[in-house]
Amino acid sequence: MRLRRIEVSRSLPAIALLAAAVLAPAAARAQAAQPAPAESASDVAAEFSDPLTTLPQIFLNNAYTPENYGTDAESNRLTMRVIVPRVPESSLLPFVQLIRPSISVVTAPTGRGEATRTSFGDMQLFDIGVIPWPDRKKTGLLMGVGPIFVFPTATHREAGQGAWQIGPAFAAIYKGVPGLLLGGLVQNPISVATVASDRKSVNTLLVQPIVLAYLGKGFYVKSADATWVRGWNQDQATLLPVSFGIGHVTVRQGWPPLNVFASGEYMAWSDDAPVAPEWTVRLGATVAFPEWRPW
């Protein structure tokens, strides 16, 4: 009996080591499985409109134009966009790299009457590198620069510009005031080749001003959907729309953050545009994936 007790006591350290070896990985997995602290609705609302955000997301936006200058037809554009941030550990560059491809389905007028045609539009892609200075934590300012590409993927003439394009893109965002986002996105794609001899060359300045104010309880107001257009070539249009919208962000533990918004847009000024939207209604939704941010 005494010898048996001695054998058991000697085996206790081995049993303890075996239990630790089995339970430690399980504990580590349980700890890793715990969700990260959820971001505030105010922070997430700002990131949904921030062109320099590192928040991975899928964006869906539908712009319906019931009234157009130059035609009796209605028009519509459904856009899907994916934001893929690459942090230095996984990017090809020594700083944050933001890749944003966009595809669209366009319902465009085919003439002066009410006839329309629905087709795939041109694909856009910009790849912006975030400038590591000045210190965002101290100044609240963040800037980025990179190229924009436009690919002539439109399946009908009226749905695209018919030109391969490349040009510079610049974005700046200021978050120094809590609950307020100020900034803009500037792009200037320039055609390097056209798909047909009757297609005109393109050189267009695109300016998207961004203003967002968080109201509380997930709600915010913004003017961030309108894009000013200035064509540098002869007979290219100049468009100056203004927009205002309201949105709501839902942040719930265990669920991806969801953003929904509605906005209206009015064409304040247009020049040299054979067809231009008079006013537009936008409805959009964005789903974010914070757990993929380190990727």
Side-chain angles (χ1 to χ4, degrees), residues 35-61 79-87 95-100 102 126 128-146 169-187 207-227 242-253 255-265 282-295:
E39 297 182 79
S40 70
S42 174
D43 294 337
V44 175
E47 294 212 61
F48 277 129
S49 297
D50 183 352
L52 296 178
T53 182
T54 58
L55 183 64
Q57 54 190 271
I58 297 176
F59 171 85
L60 192 66
N61 175 27
T79 303
M80 188 182 74
R81 179 179 302 143
V82 179
I83 298 179
V84 183
R86 307 288 289 177
V87 297
F95 43 79
V96 175
Q97 181 184 6
L98 305 176
I99 303 172
R100 194 183 80 174
S102 300
F126 78 60
I128 285 187
V130 179
I131 302 173
W133 63 85
D135 189 343
R136 181 176 185 172
K137 295 181 179 179
K138 296 180 179 179
T139 64
L141 178 65
L142 188 65
M143 296 182 292
V145 64
F170 173 79
I173 289 297
Y174 178 71
K175 292 184 178 180
V177 180
L180 186 65
L181 174 70
L182 302 173
L185 174 62
V186 181
Q187 307 170 73
V207 179
Q208 181 184 353
I210 298 171
V211 179
L212 181 144
Y214 184 71
L215 303 178
K217 296 185 178 180
F219 289 95
Y220 63 89
V221 292
K222 67 172 181 174
S223 178
D225 298 314
T227 299
V242 292
S243 70
F244 179 80
I246 185 170
H248 183 267
V249 171
T250 302
V251 179
R252 186 178 301 174
Q253 190 72 24
W255 292 82
L258 174 65
N259 170 53
V260 293
F261 73 89
S263 65
E265 182 178 313
R282 295 178 183 272
L283 299 175
T286 314
V287 180
F289 303 92
E291 67 275 14
W292 294 351
R293 190 191 297 265
W295 178 53

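Keep in mind it's a predicted model, so treat the numbers as computed, not measured.
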TODO: Determine the minimum heavy-atom distance between L185 and A171, stating which atoms define it.
DONE: CD1-CB, 3.9 Å
Open item on the list: I need the minimum non-hydrogen distance between I173 and G183, along with the two atoms involved.
Closed with: CD1-CA, 3.9 Å
- [ ] Check salt bridge (Lys or Arg N to Asp or Glu O under 4.0 Å) between R136 and all other residues, then give those that pass, not counting sequence neighbours.
- [x] D50
Task: Y220 OH to S42 OG distance, which is reported to the nearest 0.5 Å - done: 12.0 Å
Task: ring pair (Phe, Tyr, Trp, His ring centres under 6.0 Å) partners for F244, two or more places apart - done: none
Open item on the list: Quick one, S49 with K222, criterion side-chain contact (heavy atoms from CB on, under 4.5 Å). Give me CA distance, side-chain angles, the key distance, then yes/no.
Closed with: CA-CA 9 Å; S49 297; K222 67 172 181 174; 4.1 Å; yes
Task: Heavy-atom side-chain contact between V96 and T54 under 4.5 Å - done: yes
Open item on the list: In the structure I gave you, are the side-chain heavy atoms of Q57 and F289 within less than 4.5 Å of one another anywhere?
Closed with: no
Open item on the list: Between H248 (side chain only) and L258 (backbone N and O only), is there a donor and an acceptor less than 3.5 Å apart?
Closed with: no
Task: Exercise: do N61 and T79 side chains pair donor with acceptor under 3.5 Å - done: no
Task: Heavy-atom pair with the smallest gap, counting every atom of P51 and L98 - done: O-CD1, 3.7 Å
Task: Side-chain heavy atoms of P56 within contact of V84, under 4.5 Å - done: no
Open item on the list: Could you measure the distance from the CD1 atom of I58 to the CD1 atom of I83? Nearest 0.5 Å is fine.
Closed with: 10.5 Å
Task: Nearest non-hydrogen partners of A224 and Q208, listed with the distance - done: O-NE2, 2.7 Å
Task: L142 side chain reached by V130 side chain, heavy atoms, under 4.5 Å - done: yes
Task: Donor-acceptor side-chain pairing of E47 and T53 below 3.5 angstrom - done: yes
Task: Pairwise distance CE(M143) to CD1(I131) - rounded to 0.5 angstrom - done: 5.0 Å
TODO: Check whether any side-chain heavy atom of P85 sits under 4.5 Å from a side-chain heavy atom of Q97, and report yes or no.
DONE: no
Task: Closest contact, heavy atoms only, A285 versus F261 - done: N-CE2, 4.3 Å
Open item on the list: Ignoring hydrogens, what is the shortest heavy-atom contact between I128 and V145? Give both atom names and the distance.
Closed with: CG2-N, 3.6 Å
Open item on the list: When you compare the side chain of P290 with that of P257, does any pair of heavy atoms fall below 4.5 Å?
Closed with: yes
TODO: Start with the C-alpha distance between F59 and M80, add both sets of side-chain angles, then the distance that settles side-chain contact (heavy atoms from CB on, under 4.5 Å), and finish with yes or no.
DONE: CA-CA 6 Å; F59 171 85; M80 188 182 74; over 6 Å; no
Open item on the list: What I'd like to find out is whether the side chain of L181 reaches to under 4.5 Å of the side chain of I210, using heavy atoms alone.
Closed with: yes
